[in-house]
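Take a look at the structure set out below.
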Amino acid sequence: MERYYQPEIETASQEQIRALQDERLVKQIRHVWDHMPYYRKKMEEKGLTPDDIRSVDDLYKLPFLTKDDLRTAYPYGLLAVPLKDCVRIQSTSGTTGKRVVAFYTQHDIDLWEDCCARAIVAAGGTAEDVCQVSYGYGLFTGGPGLNGGSHKVGCLTIPTSSGNTERQIMFIMDLNATILCCTPSYAAYLGETMKEKGLTPDEIPLKAGIFGAEAWSEEMRQDIQNVLGIKAYDIYGLTELSGPGVSFECSEQTGMHINEDHFIAEIIDPKTGEVLPEGSTGELVFTSITKEAFPLIRYRTRDICTLTRKKCSCGRTFIKMSKPQGRSDDMLIIRGVNVFPSQIETVLLNYGYPANYQILVDRVNHTDTLEVQVEMTPEMFSDNLGEVSRRQKELVDGLRSMLGLTAKVTLVAPKSIVRSEGKAVRVIDKRKI
Ligand code: DLL
């Protein structure tokens, strides 16, 4: 039988959900108008006041917020409560310099953890379960979010954080972990390593996995399910809106239910900003209607997907989003870390390389690989071999500290990277999602 963490709202009628959204949206716009001068100015520029927003039907009138707004307003410009009322920040993975910093009141954290608890219960979690959280802990939202959700459900929580595969496996086996939370690529790697150790799916105590933070295919789901002997559930979210748990998969495994009591979702045409009808593919836009500290209105996620209200066999009534099919901007997500080609370029140029480079992304054995090929200057090229390998290592280190992940670096001869007559093709992403 399907279980819910908060059955009243998760199975409410669409009319009830809509009435709640109307009420919360009106209140939220008033809150933002009164406490977030940055957004109030945007509304004023469009000739809007809170009186123009009477229900979700009026949402389309409101201006969008984008990642650029977050950078411009960094760090406090989108804060809507006094700083003393905030208890936490989280920040986006991968980017340095002006990172996105999101603020939380205790109430915001409480609601965020509820969303993660809903995801865990939808994956079959109960207080009897042992939940190993192998998402990173720290500024990244994955670890803290699922950790909080796991506590709410009453699971015994193992906060391993990411990495140290031997220790992950030891805890899964010794403490009989039943639920695993991590990125899908890490789940696949764990599965592969356990298989190499001769562990069969029957011997592995896990029964479910809650995997997200990066795109993953149905094929990958099947592989992970087979090797670990589990049911693998998708989970979606972004730092700007709280973190994981904006939406989550249920037993049907056909898309993720959006927590509509906290977020209103829209699909827009990324070029024109026009709202598209249900079922269309476009850019996902969210309005957070319960956030106190960092309430983003019509935030453009850049994630491309579709929404459907088709009845779900799990009994939940929240709208469902498909797996994101890609991003409308150039951000790459490599092993769950956000990487912008411009960051790579910055490192290369800082170390004295010309801007002739290529970024090769692939997926080998379910793990993302990143290779940066860059041309040496003629001076570098004439160096001895020892010097070239020192340079290579220096770049690997430089990239690691900028991106937070290890890239393969290949130094190539001057003029060997194909020049383009139009826009340069910097990124070759061979992953098939
Ligand atoms: O990745 C939050 C998260 C943590 C989600 C753990 C799920 C599990 P950010 O680092 O801010 O936050 O990255 C957000 O990651 O806009 C999507 O492009 C991508 N993303 C997140 N979940 C999924 C998913 C976290 N299930 C960005 N499928 C988002 C595909 C995803 N892409």
Side-chain angles (χ1 to χ4, degrees), residues 65-67 70 89-96 99-102 112-113 115-116 118-120 122-123 131 133-150 161-162 179-187 209-218 220-221 224 232-249 253-259 263 265 270 283-286 288 294 296 299-306 320-340 363 368 403-405 429 431 433:
L65 281 172
T66 63
K67 208 157 202 149
L70 270 72
I89 68 145
Q90 301 285 162
S91 181
T92 47
S93 54
T95 52
T96 53
R99 301 171 67 116
V100 168
V101 173
W112 173 28
E113 292 178 352
C115 289
C116 291
R118 288 177 189 173
I120 293 171
C131 181
V133 183
S134 314
Y135 285 112
Y137 280 65
L139 288 170
F140 180 55
T141 53
L146 269 310
N147 191 88
S150 173
S161 193
S162 50
I179 300 177
L180 174 67
C181 305
C182 61
T183 60
S185 46
Y186 195 54
I210 302 175
F211 306 135
E214 63 184 355
W216 54 308
S217 61
E218 281 305 321
M220 190 158 168
R221 189 204 306 262
I224 296 173
Y233 298 83
D234 203 351
I235 184 166
Y236 168 90
L238 51 162
T239 314
E240 296 91 317
L241 294 171
S242 59
V246 170
S247 65
F248 61 96
E249 234 173 19
Q253 293 178 306
T254 55
M256 296 173 273
H257 289 283
I258 295 171
N259 283 307
F263 306 102
E283 181 180 339
L284 190 56
V285 171
F286 282 112
S288 56
F294 204 66
L296 297 190
Y299 182 65
R300 292 184 61 161
T301 63
R302 303 279 166 191
D303 291 319
I304 303 294
C305 72
T306 48
K320 265 160 69 169
M321 60 180 268
S322 64
K323 274 179 179 295
Q325 293 153 24
R327 295 183 55 87
S328 60
D329 59 12
D330 63 357
M331 187 177 90
L332 293 162
I333 302 184
I334 300 169
R335 287 174 237 142
V337 176
N338 300 349
V339 174
F340 287 92
R363 184 164 277 172
D368 294 335
L403 310 173
L405 47 82
D429 194 343
R431 295 175 295 183
I433 300 292

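One-based numbering, in listed order, for ligands and for the atoms of each.
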Is it the side chain (CB and beyond), the backbone, both or neither of [X] that lies under 4.0 Å from ligand 1, heavy atoms counted?
| X | answer |
| --- | --- |
| Phe211 | neither |
| Thr183 | neither |
| Arg302 | neither |

Geometry only, no angles: is [X] polar-contacting ligand 1 at N/O separations under 3.5 Å?
| X | value |
| --- | --- |
| Trp216 | no |
| Asp234 | yes |
| Pro244 | no |
| Thr301 | no |
| Ile235 | yes |

Q: Using the side-chain contact (heavy atoms from CB on, under 4.5 Å) rule, pick out the option among Pro324, Pro244, Cys305 that qualifies with Tyr236.
A: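 Among Pro324, Pro244, Cys305, the one meeting side-chain contact (heavy atoms from CB on, under 4.5 Å) with Tyr236 is Pro324.
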Can a donor-acceptor pair be found, under 3.5 Å and without considering hydrogens, that links the side chain of [X] to the backbone of [Y]?
| X | Y | value |
| --- | --- | --- |
| Glu214 | Ser185 | yes |
| Tyr135 | Gly212 | yes |
| Glu283 | Asp303 | no |
| Ser288 | Leu241 | no |

Report task. If the plane angle is over 60° it's perpendicular, under 30° parallel, otherwise tilted; pick one for His257 and Phe248. Result -> tilted
query: Side chains of Ser322 and Thr306: do they bring a donor and an acceptor to under 3.5 Å?
result: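 Judged by distance alone, the side chains do pair up.
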Mind checking salt bridge (charged side-chain N to carboxylate O under 4.0 Å, His left out) for Arg221 and listing every partner two or more places apart, or none if nothing turns up?
->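 Result, salt bridge (charged side-chain N to carboxylate O under 4.0 Å, His left out) vs Arg221: Glu218, Glu249.
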**Asked** Could a heavy atom of Lys323 be found less than 4.0 Å from some atom of ligand 1?
**Response** no
Could you tell me if any non-hydrogen atom of Phe140 lies under 4.0 Å from any atom of ligand 1?
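The answer is yes, since Phe140 has a heavy atom less than 4.0 Å from ligand 1.
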Nearest neighbour of atom 15 (O) of ligand 1 from the list Gly243, Gly245, Ser242, Ala213, on a heavy-atom basis:
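Among Gly243, Gly245, Ser242, Ala213, the closest heavy atom to atom 15 (O) of ligand 1 comes from Ala213.
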*Considering only heavy atoms, which of Asp303, Leu238, Leu139, Thr141 lies nearest to atom 16 (O) of ligand 1?*
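The option holding the nearest heavy atom is Asp303.
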Any atoms of ligand 1 less than 4.0 Å from a non-hydrogen atom of Ile333? List them with their elements.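 Taking each heavy atom of Ile333 in turn, ligand 1 has 15 (O), 18 (O), 19 (C) under 4.0 Å.
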Atoms of ligand 1 under 4.0 Å from any heavy atom of Pro324, numbered from 1 in the order shown, are 28 (N), 30 (C), 32 (N)
Item checked: Residue list, ring-ring contact (aromatic ring centres under 6.0 Å, His included) with Tyr186, at least two apart or on another chain ->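 For Tyr186 there are no ring-ring contact (aromatic ring centres under 6.0 Å, His included) partners, ignoring immediate neighbours.
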